[in-house]
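Reminder, nothing fancy here: chain letters follow the sequence lines and each chain counts from 1. Atoms considered below: every heavy atom in the structure, side chains included; atoms not considered: hydrogens, waters and symmetry mates.
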Protein chains: 2
Amino acid sequence: MAKRRKVGNLLALALLSLLSQQPMYPYEMAQTLKARGKDNSIKINWGSLYTVVQNLEKYGFIEVDSTEREGRQPERTTYRITEAGQAELRDWMRDLLSVPGEEASGFAAALSEAGGMHPDEIVELLTTRLTRLDAVNAAEQAGLKALAERLPRLFLIESEYQLAMRIAEAGWVRGLISEIVTGTLSGVDAWRKFRDTGEVPDVLRHLLDEEAKGRWDEAGM
Amino acid sequence: MAKRRKVGNLLALALLSLLSQQPMYPYEMAQTLKARGKDNSIKINWGSLYTVVQNLEKYGFIEVDSTEREGRQPERTTYRITEAGQAELRDWMRDLLSVPGEEASGFAAALSEAGGMHPDEIVELLTTRLTRLDAVNAAEQAGLKALAERLPRLFLIESEYQLAMRIAEAGWVRGLISEIVTGTLSGVDAWRKFRDTGEVPDVLRHLLDEEAKGRWDEAGM
DNA sequence: AGCCGATTACTCGTAGACGAGTATACGCCG
DNA sequence: CGGCGTATACTCGTCTACGAGTAATCGGCT
């Protein structure tokens with residue numbers, strides 16, 4: 001599951017999908033993606049675009065359909081998808097849809113280092129995040145509503161998904177803030193003391209000892 | 001906000017955080033991260049490790065503390081964090097915690113291409129995802145519970161976060177499946193028809209026309 | 001008629017990510 | 001006490017991502 005792809009960039013997925021509908025040349029692909037608003041979910045990078053197209057060709061997922069020049073413009077190479085490309089697209093989609101996980105989040109990484117900062121500062125930062133999340137979500141919700149009048153929702157599920165996730169995140173952050181503030185989160189008291197006075201809590205000393213003996217992984221997480 | 005970092009790899013964040021506690025040599029950093037179970041949230045890659053350390057040094061965030069050799073082993077270079085490094089760590093943390101978004105998800109990308117597959121297949125795949133999500137979540141929940149008995153929750157927030165997000169995702173997926181099955185999701189009927197009979201729905205034809213004229217972005221999403 | 005800015009379409013160079021490979025030392029089993 | 005598996009500590013080379021730069025054409029305005 002979630003196996004390594006020969007061409008792993010998500011932009012490649014979008015391109016394969018595009019070419020499965022009709023042949024195109026690279027620049028046209030980028031334009032079409034932009035026109036369809038896909039540049040929200042996938043960043044279109046000129047550098048990547050041509051590398052990805054090249055690699056897709058290298059591995060036989062797409063092939064040259066024709067090359068022509070209009071006037072004296074630089075040559076336009078039109079590509080079409082191959083059988084192998086169709087298969088790859090299909091397989092990749094199945095994989096992405098059916099296998100959860102894998103995404104590394106900066107926020108999660110930062111959370112796991114949060115012990116290095118003062119609780120009050122964390123609360124302040126999280127509050128800022130929450131405000132921004134709420135703002136973005138409200139805007140997005142309004143945007144979605146507007147679009148929903150002209151488009152079947154089918155075309156908007158991916159935005160709905162992202163919105164749902166961000167709403168969930170907002171909820172979680174709200175909860176965390178209140179847990180830190182009220183002290184419900186076990187460990188904050190010692191943490192705050194440590195950050196304020198420099199006094200190393202027993203728990204921490206304990207943990208460091210255990211770590212030295214490499215006992216952490218025993219719980220099998 | 002969310003500005004470009006001189007050293008952008010999340011591994012660098014972990015390393016800075018580690019070195020802000022005490023000087024270490026690269027291999028030791030990797031060991032410590034593993035011992036602390038951080039290899040769940042951040043993948044530790046030998047190749048990346050040394051590149052990142054090198055870059056951190058290049059930009060003055062860390063500096064050589066000492067180099068020694070025990071016996072005839074390869075030289076061990078111990079690094080310590082600099083003032084600039086402390087500042088970078090702090091600033092980066094503030095950024096990661098207070099600014100939401102930015103994470104590109106493969107699932108979202110796949111969702112936005114879902115129109116290219118048959119609804120029944122999508123439902124099948126989503127159901128698989130749901131099963132897996134539920135399984136992973138149950139396991140994680142159990143694991144967390146076990147750990148919570150020995151560790152203050154403070155050390156587990158990042159796992160709690162990831163769990164919360166995956167639970168939210170499961171909920172959303174469950175909803176989507178039922179919306180597709182029952183046909184509540186506007187557009188599925190036409191979609192299914194199209195996939196079954198090849199008959200191009202009016203809506204789609206309409207959209208393609210508009211796209212040609214570049215009207216998509218007007219809603220300002 | 002001709003100039004300017006936007007659009008089209010790509011090229012190239014660099015920096016980063018990553019994995020496979022390497023080389024030494026240490027423990028321990030027979 | 002010799003050999004071998006494992007842990008230690010990196011090195012190297014490839015492949016990918018990306019952004020800045022380029023060069024031609026087109027439309028419109030003076």
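Atoms CD (B:Q31) and P (D:dA9) sit 8 Å apart, rounded to a whole Å. If you take CG of B:N45 and C1' of C:dG16, they are 12 Å apart, rounded to a whole angstrom. Between A:D39 atom CG and D:dC18 atom P there is a gap of 15 Å when expressed in whole angstrom units. The separation between B:N9 atom CG and C:dC18 atom P is 6 Å, rounded to whole Å. B:L49 has its CG atom 15 Å from the C1' atom of D:dC12, to the nearest Å. Between the CZ atom of B:R76 and the P atom of D:dT11 there is a distance of 14 Å, rounded to whole Å. As a whole-Å value, the separation of A:Y50 OH from D:dT22 P is 17 Å. Atom CG of B:L33 is separated from atom P of D:dA9 by 15 Å (rounded to the nearest Å).
Contact check on B:K38 versus A:E113 returns a salt bridge, with a Lys/Arg side-chain nitrogen under 4.0 Å from an Asp/Glu carboxylate oxygen. Of the charged side-chain nitrogens involved, at least one lies within less than 4.0 Å of a carboxylate oxygen, so that A:E124 and B:R94 count as a salt-bridged pair.
Rounding to the nearest 0.5 angstrom, the gap separating the CE atom in B:M117 from the OG atom in A:S17 is 10.5 Å. The structure places CE of A:M24 at 12.0 Å from CG of A:D65, a figure rounded to the nearest 0.5 Å.
Toward the 5' end of DNA chain D, the nearer of the two residues B:W46 and A:N55, judged by each one's closest nucleotide, is B:W46. Position along DNA chain C of the nearest nucleotide to B:K43 versus B:Y59 favours B:Y59 as the more 5'-ward residue.
Which of C:dC10, C:dC18, D:dC18 sits closest to the side chain of A:T51 comes down to D:dC18. Here the nucleotide nearest the side chain of A:Y25, chosen from D:dT16, C:dC18, C:dA9, is C:dA9. Candidate nucleotides C:dA20, C:dA9, D:dT8 were compared by shortest atom distance to the side chain of B:Y27, and D:dT8 ranks first.
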